[in-house]
Structures are given as C-alpha cells and as structure tokens.
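Taking it in order: structure first as structure tokens, then the write-up.
Since the structure is predicted, the reported quantities are computational estimates derived from the model, not experimental observations.
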Amino acid sequence: MKKHAIIPVFIPHRGCPNDCVFCNQKAITARQAHVTAADAENIIETYLPTLEGRGLETIEAAFFGGSFTGLPLDEQSSFLAAAKKYKDAGRIHKIHMSTRPDYIDERILDNLKKYDADVIELGVQSFDPDVLAASNRGHTVEDVYRACRLIKSYDFQLGIQLMIGLPEDSMEKCLFSARETAAIKPSVARLYPTVVLRDTQLYSMYMAGSYTPLSTCEAVEITKEMYKIISGAGINIIRVGLKSTDLITEGGEIRGSTFHPAFRQLVEGRIARESLEEQMKSLISRDKDDAFIFTSSSRCFSCMIGNRKCNKLYFAEKYPGVKISYRADPSLDDGLYLVIKC
C-alpha cells in the first residue's frame, strides 16, 4: 500500500530568469494564469479529501515548476504560510519545494525555517562544469556544493535532481555526478534523461544537428549505473524519468527517443536482469534439465519480468534449454532478486 503522497502546487517558471537550453517553461508560462497563494490553498483543499483517511504516513504539499526560492521573499512567505496552515492543523506532514543551487542563502533558509519547511530539492543536473556551461545553467559547481552544505546545516531534507545526456555530457561525467551525489548523501534523488522539447534552445540545436540526444538504450544504460551508485549509498530515488503528465511536457513536441512513460521500469528491469543472470550463471550446469525459479518481492515482480515481458523474452531466447519460472516472495526486500536452482 502506498504510504506517501505529494500534493503538487505548480508555479511554472516563477522565480527563475534563466534560460537553460532544455527548459520550455517560459513558453508554457505565457499560456497560463498567474498562480497565487489562494490558488495553492484551493489545490491542497482539492487533494486532501482523496488522501485523508487512507492510512498514509506522509502527505506533502510541494511547490514545483519553477525556482521557488527565486521568488520575492514576501511571495515565498505567502505560499509557505498557506501550506503551514495545513501542517499546523495536522492535515499535511511536510512542506516541499524545488529550486536552483544559486538561489540558496542564509536569509532564504531562515525564512523557510520560520514557516517550518521540510524538503528542499536542488536542480543540480550535473556536477561537471562543462555540462553546466553548455546547458546555460547560469550557476557553477561551487554553487551546488555550497547550497548542499547550507541546506544540510539547517537540518532540511536535501534532494538532488540529476539529468542524463545534456550537451557535453558523457557516461563518465554522469557517473561522476552520481558518485558526488552519493558522497553528499541527500535524503532523496531524482534521475531524468534529457528530453528535447519544442520551444527550447536544445530543440533548435537538435534540428540544426549540433546536439544528438541519447537513444533509449543509451539512456537506460547510463541511468542504470547511476541508479546503482546512488541507491547503493542508501539514498531514496523517488523518480526516474519524466511522467507524461509533468508540466514541462504540456503542449510540447518531444524529439529524440529518451522519453518513455515507463522509463523507471526499464532501468529497474535491467538491474533485475543483471542480478538474475549473474546468479544463474554461477549455478547453471548446461544440462538439458536445468531449471530455476526467479523470485522477487511482489512490488518488484513487474521489474523482474521486465517492461512488456522483455526480461522473460531475453532469458527464453538466450537460454532456450533452461526452464525458468517466476514467483513473488513476500519475504524478500524490494530490489532483491533471488535465483533458486530446482
């Protein structure tokens, strides 16, 4: 049963004057109405009746869509006060926001403490200076480290968002970013393959042939290795890949093949396949009668099978003489896959 829910309050591109090459939110914002603190309250009120009484451990009000701490301080305060009212009443448990590393300082954090905020996610994207410059991020790697230190020193929960396949990026740079994230030890992380959207500089670069997006296979391979590094450090990866309903894709034409509605399952399915195959290879005797049971927790069963049963098809094709059955074992931890030889 799901124990955590987020009430998303989108403040599209508010608070961010920058023009990152991948972002089309200014184009989206031009077609949308201004969002106010009263709107935030209405959104919370709309969501709560569907969430309360379901035994959820945590309900968060989360300000997404722009750089929240780039808003004028009085405007930040009005949104925070609206959320705090529900937290003080015990109807939500956390106040959550996303922002940029260069929009964090003591004055901002003092104000967030005043309104009892909990989680600050930083759109880090990369720890490589060349990738940041080529993506027109407008901040430095030093800004990232400084912001992370400050947020943790104030005892906020830190989140780090990374993107895969930006201009000037590579497998090595992505893995470096994953290792730096693991070393910083945020509470949560998100991994997003770069998606080329219309009304962006990246789209123009793609059409001109100066930028080539990753293929789906490349994006999965890189993200898989980053996932293993970050999750292996005990960090909760709360999202892998964009949702089809994410605000940033609204009305946007997608080019390239990095967007996939089940991208997380593709990544976790590949991790499951590697684990299962490694175990099976150590047990297989090449006899015609070899038979194995692949097991996982119920929640991870779909990843063990693979998106569109791709893992089942992979093993059937590669090991045609081996009998394999698939079972869920409620005693297994999520993310753990076990091969039993029959």
Side-chain angles (χ1 to χ4, degrees), residues 4-20 23-52 56 58-123 138-139 143 146-148 150-159 161 187-188 190 238 245-248 250:
H4 180 243
I6 288 180
I7 300 174
V9 180
F10 288 103
I11 312 172
H13 212 80
R14 296 294 312 286
C16 184
N18 208 62
D19 285 308
C20 300
C23 183
N24 73 341
Q25 287 202 44
K26 282 190 176 178
I28 292 172
T29 303
R31 302 191 293 268
Q32 292 185 330
H34 179 70
V35 177
T36 66
D39 294 324
E41 287 197 36
N42 288 336
I43 291 167
I44 294 171
E45 286 285 358
T46 299
Y47 271 83
L48 279 177
T50 67
L51 300 176
E52 292 177 319
L56 293 168
T58 306
I59 300 174
E60 298 185 10
F63 298 105
F64 292 145
S67 296
F68 183 80
T69 60
L71 294 170
L73 205 63
D74 60 346
E75 195 169 353
Q76 291 181 51
S77 296
S78 66
F79 282 114
L80 292 166
K84 188 176 185 297
K85 180 171 68 174
Y86 292 92
K87 186 176 181 182
D88 289 344
R91 300 186 69 190
I92 67 171
H93 306 99
K94 292 183 180 181
I95 300 172
H96 187 141
M97 71 217 57
S98 62
T99 192
R100 290 168 53 92
D102 49 341
Y103 291 163
I104 293 292
D105 59 31
E106 290 86 348
R107 178 170 170 263
I108 286 168
L109 295 177
D110 285 338
N111 193 58
L112 293 176
K113 274 294 180 186
K114 176 182 174 182
Y115 289 97
D116 204 18
D118 299 278
V119 185
I120 305 172
E121 285 194 55
L122 293 180
H139 67 76
D143 291 325
R146 179 192 56 80
C148 290
L150 272 175
I151 290 168
K152 295 188 79 173
S153 74
Y154 273 73
D155 291 326
F156 289 107
Q157 294 176 49
L158 170 66
Q161 302 171 5
S187 299
V188 296
R190 298 178 191 252
I238 59 176
T245 54
D246 278 341
L247 179 66
I248 196 168
E250 184 177 308

Ignoring hydrogens, what is the shortest heavy-atom contact between T46 and N42? Give both atom names and the distance. OG1-O, 2.8 Å
Closest non-hydrogen atom pair, S67 against Y103: CB-CD1, 3.7 Å
Could you tell me the separation between the CZ atom of F156 and the SG atom of C148, rounded to the nearest 0.5 Å? 14.0 Å
Residues passing the side chain to side chain donor-acceptor pair (under 3.5 Å) test with D74, sequence neighbours excluded, are none
Backbone N/O of I95 and side chain of K87: donor-acceptor pair under 3.5 Å: no
Looking only at heavy atoms, the pair that brings A147 and I104 closest together is CB-CB, 4.0 Å
Please list, chain by chain and in numerical order, all residues satisfying side chain to side chain donor-acceptor pair (under 3.5 Å) with E41, sequence neighbours excluded. K85
For D39, enumerate each residue passing the salt bridge (charged side-chain N to carboxylate O under 4.0 Å, His left out) test, keeping only those at least two apart in sequence or located in another chain. none
Value for CD1 (I238) from CD (Q161), rounded to nearest 0.5 Å, stands at 8.0 Å
Can you name the closest pair of heavy atoms from T99 and F68 and give their distance? OG1-N, 3.9 Å
Between Q76 (side chain only) and T69 (backbone N and O only), is there a donor and an acceptor less than 3.5 Å apart? yes
Sequence neighbours excluded, which residues qualify as side-chain contact (heavy atoms from CB on, under 4.5 Å) partners of R146? D143, R149, L150
Output the distance between atom CD (E75) and atom CG (L80), rounded to the nearest 0.5 Å. 11.0 Å
Looking at every heavy atom in both G123 and P101, which two are closest together, and how far apart are they? O-CD, 3.6 Å
Set of residues satisfying side chain to side chain donor-acceptor pair (under 3.5 Å) with respect to T58, sequence neighbours excluded: none
Using 0.5 Å steps for rounding, measure from the CG atom of L51 to the CZ atom of R91. 10.0 Å
Criterion side-chain contact (heavy atoms from CB on, under 4.5 Å) on I59 and Y47, from CA distance to verdict: CA-CA 10 Å; I59 300 174; Y47 271 83; over 6 Å; no
Roughly how far apart are I7 CD1 and K94 NZ, rounded to 0.5 Å? 14.0 Å
Lys/Arg-Asp/Glu bridge criterion (N-O < 4.0 Å) met for D102, R100: yes
Whether the side chain of D118 engages the backbone of H96 through a donor-acceptor N/O pair (distance < 3.5 Å, no angle test) should be reported. no
In terms of side-chain heavy atoms, does E106 have a donor or acceptor partner in Y154 at a distance below 3.5 Å? no
Just verifying a value: how many Å separate H34 NE2 and I11 CD1, rounded to the nearest 0.5 Å? 9.0 Å
Those residues that, when tested against S77, pass side chain to side chain donor-acceptor pair (under 3.5 Å) (two or more places apart): N111
How close do I92 and A83 get, heavy atom to heavy atom, and via which atoms? CD1-O, 3.5 Å
Over 12 non-hydrogen atoms of neighbours within 6.0 angstrom of NZ in K114: no
